[in-house]
Undergrad: 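Let me begin by handing over the structure; questions about it come next.
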Protein chains: 2
Amino acid sequence: MTGAIPMETSTARPAARPMRADARRNHDRLVGEARRSFAEHGTDASLEDIARRAGVGIGTLYRHFPNRDALMNAVFQDALCSLLTRSRELAAAEAPCRALVEWLGAIVTHAGEYRGLAHALMSASRDATSPLTQCHQPLREAGAGLLRRAQESGSVRDDVSIDDLLQLTNAIALAAEQSPDDPELTDRLLRLTLRGLK
Amino acid sequence: MTGAIPMETSTARPAARPMRADARRNHDRLVGEARRSFAEHGTDASLEDIARRAGVGIGTLYRHFPNRDALMNAVFQDALCSLLTRSRELAAAEAPCRALVEWLGAIVTHAGEYRGLAHALMSASRDATSPLTQCHQPLREAGAGLLRRAQESGSVRDDVSIDDLLQLTNAIALAAEQSPDDPELTDRLLRLTLRGLK
DNA sequence: ACCTGAACACCGTTCAAGT
DNA sequence: ACCTGAACACCGTTCAAGT
């Protein structure tokens, strides 16, 4: 019955029609080249360079990705997917506290994967409309579940929120990024934070 | 005897000759206008704007301050001085742990005073030659003393360094800056960190 | 000695013209 | 429908000419 409500059809997103062959190819080349450039120069790599190296006009880049966040998003989507899978595995694990700790470690590692990503994540968290924030939303919810479980089991304080934890993990990733000569900084800061969770 | 070693005279910095009157005036106007602009637009405010508002050519700005860090440094020197004074008071305080906690709070507040400052401090900490790092050196040493005292009194773990703490406080200030709608974030994150110090 | 501002190099973004 | 690249706006930095 409810499934037959007419509004459904207007609310449902239009079927994503397949891209024209050349558009599809350009799209993929851009994402690939952006991944290379981000890895090499950080996430503030020149967009013009990326377009040129992908053998495409700068306008084409903007047609596919209206802003830098959208491009970053496309680049990080793979990593995001596997993180989400891992999150769901952890949600089913026995020890709630250990699961949360592992999840936080994975988040820090992710944020530190590309130079500039941690900073972008922190800035993006301000507005909910940013594609970067949108795509991290499911991950945030998975983390919220892990945190709640750990709190209910009594192993983590009640007065911390998932947003506090995410801000802190991003901050730790950023700090580590600024001190590349100290590879254990991340671990030390994370351990410090975890102790504070009680 | 040792006071009479001739090398002394060559090592001593040359007496800072007084600036020409117009140069002095331009210098002061630039610093004043930079403070205004940094407060309004963050520390990445346009240098050209600052020069124009100070009624000075852009070349004059560069003559006085070879790079943005140097200008920021001049702007923040006052705050730095009072922080250093406060640090020395705290070093003489009775309770070593409370002193350290207060100091860290003051540091976070300082780093959050201007939008962009926390980030600049984190980036600058990479190279010891940056004027921003140079000027924070005495402050770092004061903090190291406070930390050592707290550790010797047994109230703080031995396996944390002053650099870890500074990275973390800068990171917390940065996180707070990105969430202006949550004025208590700084306090919560700082408390969390402090608990981790044991 | 110090100041000025035109000139240069660079980057992000838009949009009219082309296929 | 999609692509191209010239054009625009902006910013940091330098340097020859001026006082």
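Lettering follows sequence order; numbering is per chain, from 1. In what follows, every heavy atom counts, from backbone to side chain, and hydrogens, waters and symmetry copies are set aside.
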Undergrad: Using a cut-off of strictly less than 4.0 Å, decide whether B/N26 has a side-chain nitrogen or oxygen near OP1 or OP2 of C/dC2.
TA: no
Undergrad: Answer yes or no: is there an ion pair linking B/R24 with B/D28, defined by an N-O contact shorter than 4.0 Å?
TA: yes
Undergrad: Answer yes or no: is there an ion pair linking B/R188 with B/D182, defined by an N-O contact shorter than 4.0 Å?
TA: yes
Undergrad: Want to know the stems of DNA chain D: at least 3 consecutive Watson-Crick or G-U pairs with distances under 3.5 Å, which are they?
TA: C:4-8 with D:12-16, C:12-16 with D:4-8
Undergrad: At 4.0 Å (heavy atoms only), tell me whether B/S46 reaches a base, stays on the sugar-phosphate, or touches nothing.
TA: sugar-phosphate
Undergrad: Counting only heavy atoms not in A/E184, do more than 12 fall under 6.0 Å of its CD?
TA: no
Undergrad: Does B/R63 place a side-chain N or O at less than 4.0 Å from the phosphate oxygens OP1/OP2 of C/dC2?
TA: yes
Undergrad: Honestly curious: do A/I50 and A/F76 fall in one hydrophobic cluster under the side-chain, below-4.5 Å linking rule?
TA: yes
Undergrad: To the nearest 0.5 Å, how far apart are CG in B/L84 and NE2 in B/H136?
TA: 10.5 Å
Undergrad: Give B/H64 one of three labels, base, sugar-phosphate or nothing, depending on what nucleic acid heavy atoms sit under 4.0 Å from its own.
TA: sugar-phosphate
Undergrad: Between B/S130 and B/D69, is any side-chain donor less than 3.5 angstrom from a side-chain acceptor?
TA: yes
Undergrad: For B/R52 and for A/G57, locate the closest nucleotide of DNA chain D by heavy-atom distance; then report the residue assigned to the nucleotide nearer the 5' terminus.
TA: A/G57
